[in-house]
Amino acid sequence: MSLRYFAGYSFVLLARLFRKILGLMWSIVSLSEQCALIVWTPREIDRHSRTDWNSWPMVRDQANSDDWLGTWELTLVERYFTNKGELLDLACGAGREALLLARRGLTVTACDWSPRMIAEAQRRAREANLPIRFEVADLYDLRYPENAFDYLLLTNIAYSYVFPRWRRVRFLRQAYSVLKPGGVFIVSFAPGTNGSPALPGFFRQLLGGLSRCAPFNKQYEPGDGFADTFVHFFQQHDLKQEFEEAQFIITDWPWKRGYAVLTKG
């Protein structure tokens, strides 16, 4: 073995050591973000999420997304949506899905809680000469008539951005109301088995214990986490209960892909 080999190998070992140290430091830094989950109430979490989503950098990023659906979005849309009918695109952002689905022949209504996102989506729809109805609307207060839509679409794991459980169930019940009998709802979420925050067990227990004490967030739930923004990572049986509590029928469930197809009976 040459001296050159040993010198090079020492650099490899040094790089691996630095990588482990940096990884550990990043884990420690990430834990501080998780602490916000029990310091903030759902109202503060909401405020942070809305401010982030309505920011100009986020709007510019979303504005570059056009005329495409993800692999599983396309698979499920082609399987369960026809090219005719009334569609409500929830949390539509800058209009990525709405523009494409309107081109496919659907009559599209799209809403988002970000005024900047909606303004950008309206501009793009005008340029494309697509008659899409865009509105600023809150997922917690869907002001649409009963039985108004054949299809609902909620992508980009937006369902996981709704905190806490009672708000998600209230949203599902409103979604059920505006959907026609036999209508289909494609919803995306973050499954707990795919990318959930790797919190040490003791820290998870600590958050759970503190959440039961004033003045901490008593609505903290196992599965709440922070991954670039606040996200709830679901366990399958918990999510099934939420869907069924809102009276939806689970028609298709590619769980690991983070999608469910719900039907109104």
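The hydrophobic clustering, which links ILVMFWY residues whose side-chain heavy atoms are closer than 4.5 Å, places W56 and M58 together. If you chain together hydrophobic residues whose side chains sit under 4.5 Å apart, L154 and V169 never meet in one group. Two different hydrophobic clusters hold V261 and I249 under the rule that ILVMFWY side chains link at heavy-atom gaps under 4.5 Å.
Residues D224 and L37 share a closest heavy-atom pair of O-CD1, 3.5 Å. In terms of heavy-atom proximity, S49 sits nearest to T229 at OG-OG1, 3.9 Å. Of all heavy-atom pairs spanning Q236 and W253, the tightest one is O-CH2, 3.5 Å. Heavy atoms only, all atoms of each residue included: S55 and R116 are closest at CA-NH1, 3.9 Å. Nearest heavy atom pair, residue G93 against residue D112, reads N-OD2, 2.8 Å. Nearest heavy atom pair, residue R96 against residue G70, reads NH1-N, 4.1 Å.
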Could you tabulate the donor-acceptor pairs under 3.5 Å formed by side-chain atoms of residues 172-182, not counting sequence neighbours?
residue: Q174; atom: OE1; partner: L142; partner atom: N; Å: 2.6
residue: Q174; atom: NE2; partner: Y140; partner atom: O; Å: 2.9
residue: K180; atom: NZ; partner: D150; partner atom: OD1; Å: 3.4

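Of the charged side-chain nitrogens involved, at least one lies within less than 4.0 Å of a carboxylate oxygen, so that E127 and R123 count as a salt-bridged pair.
Among T82, L88, D89, the single residue meeting the side chain to side chain contact (heavy atoms under 4.5 Å, CB included) criterion with Y151 is T82. Test F171, F189, F234 against E242 for side chain to side chain contact (heavy atoms under 4.5 Å, CB included) and you get one pass: F234.
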_Under the criterion side chain to side chain contact (heavy atoms under 4.5 Å, CB included), I'd like the reasoning laid out for N147 against K264: C-alpha separation, chi angles, the key distance, then a yes or no._
CA-CA 10 Å; N147 305 322; K264 179 175 179 176; 2.9 Å; yes
*Is there a side chain to side chain contact (heavy atoms under 4.5 Å, CB included) between V162 and H232 once you walk through the steps?*
CA-CA 8 Å; V162 180; H232 182 80; over 6 Å; no
*Go through the steps for T109 and Y144 under the test side chain to side chain contact (heavy atoms under 4.5 Å, CB included), then give the verdict.*
CA-CA 10 Å; T109 299; Y144 299 103; 4.0 Å; yes
_Show, in sequence, the C-alpha distance, side-chain angles and deciding distance for C92 and L153, and conclude whether the side chain to side chain contact (heavy atoms under 4.5 Å, CB included) test is met._
CA-CA 9 Å; C92 67; L153 182 66; over 6 Å; no
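At distances below 3.5 Å, not a single donor-acceptor pair connects side-chain atoms of D141 with backbone N or O atoms of A137. The backbone N or O of V184 lies less than 3.5 Å from no partner atom in the side chain of T263, so there is not a single donor-acceptor pair.
Checked against a 6.0 Å centroid threshold, the rings of W40 and F230 count as neighbours.
Between the SG atom in C111 and the CG atom in D138 there is a gap of 9.0 Å [rounded to 0.5 Å]. Residue I186 holds its CD1 atom at 8.5 Å from OH of Y80, rounded to the nearest 0.5 Å. Atom CG of L69 is separated from atom CD of E78 by 8.5 Å, given to the nearest 0.5 angstrom. Rounding to the nearest 0.5 Å places CD of E120 at 9.0 Å from CE of M117. The CG atom of N156 lies 6.5 Å from the CD atom of Q62; values are rounded to the nearest 0.5 Å. To the nearest 0.5 angstrom, N217 atom CG is 8.0 Å from I38 atom CD1.
Side-chain contact check for Q219 and W166: at least one donor-acceptor pair (N or O, by modelled atom type) lies under 3.5 Å.
The shortest side-chain heavy-atom distance between R126 and Q122 falls under the 4.5 Å cut-off.
Heavy-atom neighbours of R50 CZ from other residues, nucleotides or ligands within 6.0 Å: above the threshold of 12.
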